[in-house]
Amino acid sequence: MLMRKFGKWFPVVLTGVIMLSGCVSGGEGPARQTSATEGSSTISASDSDTIKVGILHSLSGTMSISEVSVKDAEMLAIEEINKAGGVLGKQIEPVIEDGASDWPTFAEKAGKLLQQDRVAAVFGGWTSASRKAMLPVFEQNNGLLFYPVQYEGLESSPNIFYTGATTNQQIVPSVSWLLENRGKKFFLLGSDYVFPKTANKIIQAQLKAEGGEVVGEEYTPLGHTDYSTIINKIKAAKPDVVYNTLNGDSNVAFFKQLKDAGITSEDLTTLSVSVAEEEIRGIGADVLAGHLAAWNYYQTTDTPENTKFTAAYKAKYGADRVTADPIEAGYTAVYLWKAAVEKAGSVDVAQVKEAAKGIEFNAPSGKVTIDGENQHIYKTVRIGEVQANGQFKELWNSGEPVKPDPYLKTYEWGKSLGAN
Amino acid sequence: MDMFLLQAFNGLSVSSILLLIALGLAVTFGLMNIINMAHGEMIMIGAYATYVTQNLFLSYMPSSWFSAYYLVALPAAFLASAGVGWMLEVLLIRHLYGRPLDSLLATWGVGMILQQLARTIFGAPNVGVTSPSWLNGGVAVTESITLPYTRLFIILLVAVVLFCMYIYIYKTAAGRRMRAVMQNRNMAGCLGISTRRVDGLTFAIGSGIAGVAGCALTLLGPIGPSIGTYYIVDAFMVVVLGGVGKLIGTVTGALGIGVFNTLFETYTSASIGKVLVFACIVAFLQWKPRGLVALRSRSLD
């Protein structure tokens with residue numbers, strides 16, 4: 001499928017090269033390749049007639065379930081921009097690489113994109129592990145990475161733009177909302193790796209400061225499927241809220257068995273931060289109906305931009321496909337990069353970064369702004385309830401985009417967390 | 001007290017799932033001495049067979065019949081997995097008897113191929129099966145104790161499968177032939193038993209039971225290409241702990257692991273509980289290398 005897409009672009013790119021370069025190299029196909037691979041100091045991504053960008057996601061392996069749709073959204077944005085005339089009058093040429101759900105591969109492919117393909121920016125990554133693996137590569141090669149997924153915060157790199165939520169744009173406000181609306185006693189349940197552990201550390205500190213109480217904390221290995229003991233522990237602890245940071249398949253087993261044990265969303269509130277429309281398709285809407293999630297975007301988010309976005313996404317990839325928060329963040333990232341490049345008038349990394357400060361874009365999730373300090377973006381927080389049709393109904397939103405605060409410096413209780 | 005009762009039931013239900021998965025393996029590994037790494041994929045085939053049956057019912061049957069799909073799915077899962085297992089035996093395993101390492105690698109390869117095949121046919125994302133309506137809810141024993149119907153059903157299912165296995169292996173002529181071939185292949189062949197047919201049939205039955213396990217698992221969690229890999233280690237643990245070659249060993253092995261896993265998990269966490277169980281198994285096998293119930297047979301000397 002990818003090859004077919006490349007095949008579609010190749011003639012377009014080739015004719016562009018031939019016509020505009022005045023047939024200097026005799027119009028041979030390899031002309032385009034040489035200019036890309038030589039990568040001498042005079043040739044940068046902008047000197048040719050296209051601007052190359054990298055797309056680096058897991059197209060195979062365990063994470064491909066989630067990441068392929070983000071790649072699809074990024075390709076959609078590139079296609080739309082190209083149709084509207086491109087960036088700085090040039091067409092965007094995507095170079096797609098497969099991170100294969102393997103963190104060293106992500107680092108290696110990032111190096112290849114920056115050194116060999118000389119891309120102007122890379123859109124990619126999903127797990128925190130993949131981001132942490134790519135981070136040093138982008139810093140050493142002075143590249144630009146746009147990372148589209150909500151994460152645990154406590155990080156900021158001068159070479160990464162974070163277009164997913166940081167903790168104060170998802171977890172912290174949702175905990176406050178739960179304390180206000182659902183009760184004080186929290187049960188923390190998560191998968192056993194960096195994101196849930198850091199998230200729960202933050203929740204612990206916040207609950208302590210805001211008068212909540214943790215009545216249980218459990219972690220299960222990724223891929224765990226027997227939740228009967230944990231459900232019994234939840235029953236025994238009698239929490240008001242289960243704060244769920246489980247990832248992947250485990251969510252399916254957990255919610256199915258919760259339902260089997262006779263616990264419905266009326267008996268117990270659960271709020272998940274990794275269950276979006278895509279996951280609901282796999283779990284089954286009947287099992288999840290009534291449970292809550294916190295994100296910045298839902299397919300049902302009511303903005304004119306979203307109506308357009310979901311229609312375009314479904315038209316391109318099929319009516320049965322759904323959009324979700326990371327998909328929207330990947331799509332938005334491409335547009336933010338475009339805006340920054342156009343403001344800078346160049347794809348030079350330093351100039352783009354300088355120009356990116358304060359850039360605004362009307363994304364499907366509402367207005368987003370790049371924060372000049374930490375290269376995260378302002379996002380609106382939304383708490384949604386799963387409906388019987390697998391879509392979310394928004395129960396609450398923050399009203400206005402929330403300033404990103406990855407180190408939680410604005411919170412009294414968060415100061416000690418950011419320090420380490 | 002409630003917690004204790006719930007956990008006791010829980011241990012039993014975890015054991016029953018382990019037993020159902022390990023039963024098929026007990027036949028192929030325990031009796032035939034084949035390390036079948038594709039056993040997990042037989043579970044997967046059973047699970048997808050359930051999914052396909054459900055979809056067929058959704059599209060071709062009146063909606064009032066829908067809840068009956070599960071009764072059709074059980075034999076369908078058995079037949080689908082048994083069919084694939086039989087083909088696997090004829091095309092591959094047959095040529096690898098007596099070479100456990102080769103069979104390990106070859107079946108592992110087959111397992112990966114089957115997984116990729118499932119990914120191609122059904123797509124990478126997980127699919128779900130709607131539990132039939134007569135399995136929704138549970139028996140409320142006291143106010144705080146609810147025993148889910150799905151778990152009770154699985155326990156019942158395991159009991160039935162176990163009973164059938166017992167009858168087949170110990171009370172029928174075919175079972176007697178099977179035991180004869182497993183204990184002394186040459187002698188059995190000399191006495192006129194078609195060892196090839198027995199091998200194929202045995203392997204098909206082992207795979208079919210894995211298919212039933214896959215069908216049962218759809219009641220608890222998602223169906224994905226890698227559904228079986230998660231359980232395969234546990235299943236081997238059950239068979240090795242229980243002692244190779246005896247049905248009763250598999251039953252005690254599954255009960256032991258299930259109950260201890262639940263017990264440890266109650267007082268520690270899911271990860272540590274599992275580590276403790278495995279540590280106990282390793283320690284136990286130091287003391288009794290042949291497992292809980294050792295088969296007395298010259299063929300294993």
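All chains are named by letter (A, B, ...) in the order of the sequence lines, taking the proteins before the strands, and each is independently numbered beginning at 1.
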What part of [X] gets closer than 4.5 Å to chain A, counting heavy atoms only: side chain, backbone, both or neither?
{"X": "B:Tyr231", "result": "side chain"}
{"X": "B:Ile223", "result": "neither"}
{"X": "B:Thr150", "result": "side chain"}

If you look at every heavy atom in [X] and [Y], which pair is closest and at what distance?
{"X": "B:Ser131", "Y": "A:Lys256", "result": "OG-CE, 4.4 Å"}
{"X": "B:Thr146", "Y": "A:Ala261", "result": "CB-O, 3.9 Å"}
{"X": "A:Lys259", "Y": "B:Asn136", "result": "NZ-OD1, 4.3 Å"}
{"X": "A:Ala253", "Y": "B:Pro222", "result": "N-CD, 4.0 Å"}

field: Under 4.5 Å from a heavy atom of chain B, the part of A:Lys233 involved
entry: both
query: Given that the side chain runs from C-beta out, which part of A:Asp192 has a heavy atom under 4.5 Å from chain B: side chain, backbone, both or neither?
result: side chain
- request: Look up atom CD1 in A:Ile230 and atom CG in B:Asn10, then write down how far apart they are to the nearest 0.5 Å.
  value: 10.5 Å
query: Can you tell me how far the CG atom of B:Leu263 sits from the OG1 atom of A:Thr229, to the nearest 0.5 Å?
result: 9.5 Å
Does atom [atom1] of [X] have more than 12 heavy-atom neighbours, drawn from other residues, nucleotides or ligands, at distances under 6.0 Å?
{"X": "B:Phe260", "atom1": "CZ", "value": "no"}
{"X": "B:Trp108", "atom1": "CH2", "value": "no"}
{"X": "B:Trp65", "atom1": "CH2", "value": "no"}

- prompt: Taking it one step at a time, do A:Gln257 and B:Arg151 satisfy side-chain contact (heavy atoms from CB on, under 4.5 Å)?
  reply: CA-CA 10 Å; A:Gln257 290 166 31; B:Arg151 299 270 175 177; 3.3 Å; yes
A side-chain contact here means heavy atoms from C-beta on lying under 4.5 Å apart; do [X] and [Y] qualify?
{"X": "B:Gln7", "Y": "A:Asn232", "value": "yes"}
{"X": "A:Asp226", "Y": "B:Glu265", "value": "no"}
{"X": "B:Thr130", "Y": "A:Asp286", "value": "yes"}

query: Passes side-chain contact (heavy atoms from CB on, under 4.5 Å), B:Val14 versus A:Ser228? Steps please.
result: CA-CA 9 Å; B:Val14 172; A:Ser228 44; 4.2 Å; yes
